[in-house]
Amino acid sequence: MTTVRLTVGQAVVRFLAAQYSERDGTRHRLIEGCFGIFGHGNVAGLGQGLLEAELGHGGGLKYLQGRNEQAMVHAAAAFARTRNRMSTLACTSSVGPGATNMVTGAALATINRLPVLLLPGDVFATRVADPVLQQLEDPSGRDISVNDAFRPVSRFFDRIWRPEQLPSSVLAAMRVLTDPAETGAVTLALPQDVQAEAYDWPAELFGERVWPIPRTPPDPAAVARAAEVIRTAERPLIVAGGGVIYAEATHTLKEFAETFGIPVGQTQAGKGTMRFDNPLCAGAIGATGTTAANELAARADVVIGIGTRWSDFTTASRTVFAEPRVRFVNINVASFDAAKQSGVAVVADARAALDALALDLAGWKTEPAYRTRAGELSARWQAAVEAAYTTRHQPRPAQAEVIGAVNEISEERDVVLCAAGSMPGDLHKLWRTRDPGGYHVEYGYSCMGYEIAGGLGAKLAAPDREVFVMVGDGSYLMMATELVTAVQEGVKLVVVCVDNHGFASIGNLSESVGSQRFGTSYRYRGSDGRLDGGFLPVDLAANAASLGVYVLRTRTVEEFRKALVKAREADRTTLVYIETDPTIGAPSSDAWWDVPVAEVAALASTRDARATYEKAKKRQKPYL
Ligand SMILES: Cc1ncc(C[n+]2csc(CCOP(=O)(O)OP(=O)(O)O)c2C)c(N)n1
Ligand SMILES: [Mg+2]
């Protein structure tokens, strides 16, 4: 057997550089690069391996320098999402805080089923130097380190105590990364000493390997059961989720919906599944839905979920499907999600399942009156969107006007990207989607701080598309660090910074649960000892400029539009700053979200909110 003598760090890099994914006959590099922040836990191992790769000693794996380990993982997740999970990035960190900083990113990737490969450094396998700097010792178990925190948030976890473990472990890691149902964060914890240890590896470990990403076909009996249910429907509704996009099934969905005359509601991850102006596109569904989709949902007798995990936002906490005898059909690659709402499960790739279902449904179609009604509801919502886009609120504009301006100035293939705050809900309702990849809102983990890091990952994955990052002041303050990486890499983002001096979203939520916007605006401590003084003098535009970003400050919607045009034309990362009025919300969804209110309270505001809550709670259904 031919062998190659390399360290574990060098071997990991060389192995990753030779991995490919393949679907529909097209091959992609599986791991296109590696983000890293070095410390004693990885500088001599993976760090040295990446340096050798950069200098041409075996396997090219591009190194990217992150600012914050959490942000590196967000960028990798956004990269994978933009590439429909065919490619991703790896992230290497030191031991201790560098490693645990990645835990939040891992959870985000796993919840969104996005492949990311995490390579945290770990404590000495030999233990002779224990406790190493930053080692949290567990008196009850010497094989426990902080990296065990990755286990519940990873789809695969291993710790490489000995070099011999590496080959089987990296192969298992690649399998999980490329499995559409299992994918998420994959963590290989690499003890600091083992990373630098040499071993004689079989040469074939470093040969090119192709990981086919299957289009899992459905069980014909499951398709027949689903078709039988759908044929009984008078008012069916499709709920399209992110799985439709990852399976590149948007065209199939359109044909399916049009052939059988079924309107489509969209989850956050599924908002790109259909153009906004298709008469069958009812747009967003659920707690942040359109009145069109939610009204169709309320009367739907059969709901066909495709590639959705049925989050509480999608079901409006199990209230939006109000028809007593509503039945569900769930198409999903993951049997876990396909079985939800006690639906008829079709475990399959979305495209393969829709193709098969279309054959079984041949000859059937909804009544014209139903389709007309769906078209009318959608048109009515589009009129509400138009009105929201043109509110002309004074002196500070409404957020909806900001969304309208970005929508109009961006072009078909441009990407809008967001994650937390009031913006995701407003985008879900109001964004006019034109392209499957044009709407990138991370709402599985809805993680403040994803925005700029995610924008970086999306732009790295699609350099030919303009990426508009929508970031609130709260999210900006949580993690604007990757602006520096964008500047460093010459990766151009348009960052729209919407400043409303605090947490507008949670402020409104707080008010609805009777908590009086407590702790949600950015103010000085006042003379009464509470945080109700004047607004803090934070200047986010100056902050961005100090990081090397080109900044355009605007006050009116007119100025904002002009700045957007300039930003779109600019060749470097540009931040457009605008202040908005946090009290002007988007048009109502007529939907509910279950956030329990204090059952007993001294405050009348809370007692009132509790009474409203108890009434709303009665509409909640188990969907059995
Ligand atoms: C990491 C993280 N912490 C807390 C939250 C809860 N949360 C959701 S939105 C929000 C406020 C966001 O503020 P900002 O970005 O200014 O957006 P706005 O609500 O003002 O639109 C908070 C605290 C979260 N989603 N993520
Ligand atoms: Mg805010």
Side-chain angles (χ1 to χ4, degrees), residues 68-74 77-78 100-112 153 268 287-288 311-313 388 393 396-403 406 416-431 441-455 468-483 495-513 515 517-523 531 535-541 543-544 575-586 593-596:
N68 173 315
E69 292 86 355
Q70 181 186 329
M72 303 192 309
V73 188
H74 291 341
T100 51
N101 267 357
M102 296 203 293
V103 172
T104 296
L108 180 146
T110 296
I111 201 171
N112 286 290
V153 293
Q268 278 280 12
T288 53
S311 82
D312 64 347
F313 262 76
H393 190 266
R396 282 184 281 160
Q399 185 160 277
E401 296 174 80
V402 167
I403 293 173
V406 176
V416 69
L417 188 144
C418 190
S422 56
M423 187 60 86
D426 290 3
L427 285 170
H428 196 211
K429 287 178 184 177
L430 302 175
W431 186 259
V441 174
E442 185 285 298
Y443 216 61
Y445 215 43
S446 185
C447 185
M448 287 171 75
Y450 174 85
E451 293 85 353
I452 290 166
F468 288 81
V469 172
M470 311 289 270
V471 62
D473 49 325
S475 270
Y476 183 96
L477 285 170
M478 183 106 27
M479 199 160 53
T481 50
E482 290 341 275
L483 284 173
V495 179
V496 174
C497 180
V498 180
D499 194 350
N500 51 27
H501 304 281
F503 304 159
S505 52
I506 308 300
N508 293 331
L509 178 64
S510 170
E511 212 164 291
S512 76
V513 298
S515 295
R517 306 189 88 90
F518 178 63
T520 60
S521 61
Y522 288 166
R523 291 167 181 271
L531 294 177
F535 285 110
L536 300 179
V538 180
D539 186 342
L540 299 180
N543 180 275
L575 180 137
V576 183
Y577 176 86
I578 188 157
E579 282 177 282
T580 56
D581 189 324
T583 61
I584 312 299
W593 183 36
D594 190 347
V595 178

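Indexing begins at 1, ligand by ligand and atom by atom, following the structure's order.
Of all protein heavy atoms, the one lying nearest to atom 15 (O) of ligand 1 is S475 N, 2.9 Å. For atom 25 (N) of ligand 1, the closest non-hydrogen atom on the protein side is S446 O, 2.8 Å. Nearest protein heavy-atom neighbour of atom 19 (O) of ligand 1: S505 OG, 2.6 Å. Among all protein heavy atoms, the one lying closest to atom 14 (P) of ligand 1 is G474 N, 3.4 Å. For atom 3 (N) of ligand 1, the closest non-hydrogen atom on the protein side is M448 SD, 3.7 Å. Scanning the protein for heavy atoms near atom 21 (O) of ligand 1, the closest one is S422 OG, 2.5 Å. Remark: minimum distance from atom 18 (P) of ligand 1 to any protein heavy atom is reached at A504 N, 3.5 Å. Summary of contacts: the protein heavy atom closest to atom 13 (O) of ligand 1 is F503 CD2, 3.3 Å.
Checked by atom type and distance alone, the side chain of T580 never pairs as donor or acceptor with a backbone atom of A398 at under 3.5 Å. A donor-acceptor contact shorter than 3.5 Å links the side chain of H393 to the backbone of R396. A donor-acceptor contact shorter than 3.5 Å links the side chain of T110 to the backbone of A106. Put simply, the side chain of H428 gets close to the backbone of T288: a donor and an acceptor are under 3.5 Å apart.
When only interatomic distances are considered, the shortest N/O to N/O separation between G421 and ligand 1 does not fall below 3.5 Å. The shortest N/O to N/O separation between D473 and ligand 1 falls below 3.5 Å. By the 3.5 Å distance cut-off applied to N or O atoms, I506 is not counted among the residues near ligand 1.
By the ring-ring contact (aromatic ring centres under 6.0 Å, His included) test, F518 is found to be paired with no residue, residues two or more places apart in sequence or in another chain being considered. With sequence neighbours excluded, no residue forms a ring-ring contact (aromatic ring centres under 6.0 Å, His included) with Y445. In this view, S521 and R523 satisfy the side-chain hydrogen bond (donor to acceptor under 3.5 Å, both in side chains) rule, not counting sequence neighbours.
Distance check, rounded to the nearest 0.5 Å: CG of N500 to CG of D581 gives 9.0 Å. To the nearest 0.5 angstrom, E451 atom CD is 9.5 Å from M478 atom CE.
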side-chain contact (heavy atoms from CB on, under 4.5 Å) assessment of L483 paired with Y476: CA-CA 10 Å; L483 284 173; Y476 183 96; 3.7 Å; yes
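Judged by the shortest distance from any of its heavy atoms, G449 lies outside the 4.0 Å radius around the atoms of ligand 1. Ligand 1 lies out of reach of P582, whose nearest heavy atom is not under 4.0 Å from it.
For ligand 1, the atoms closer than 4.0 angstrom to any heavy atom of N500 are 18 (P), 20 (O), 21 (O).
Relative ring orientation between H501 and F535 is described as tilted, the plane-to-plane angle lying within the 30° to 60° band. Ring geometry for F503 versus Y522: interplanar angle over 60°, hence perpendicular rather than tilted (30 to 60°).
The two residues R517 and A504 make their nearest non-hydrogen contact at NH2-O, 3.7 Å.
Excluding waters, the set of protein N/O/S atoms under 2.8 Å from the Mg ion (ligand 2) reads D473 OD1, N500 OD1, G502 O.
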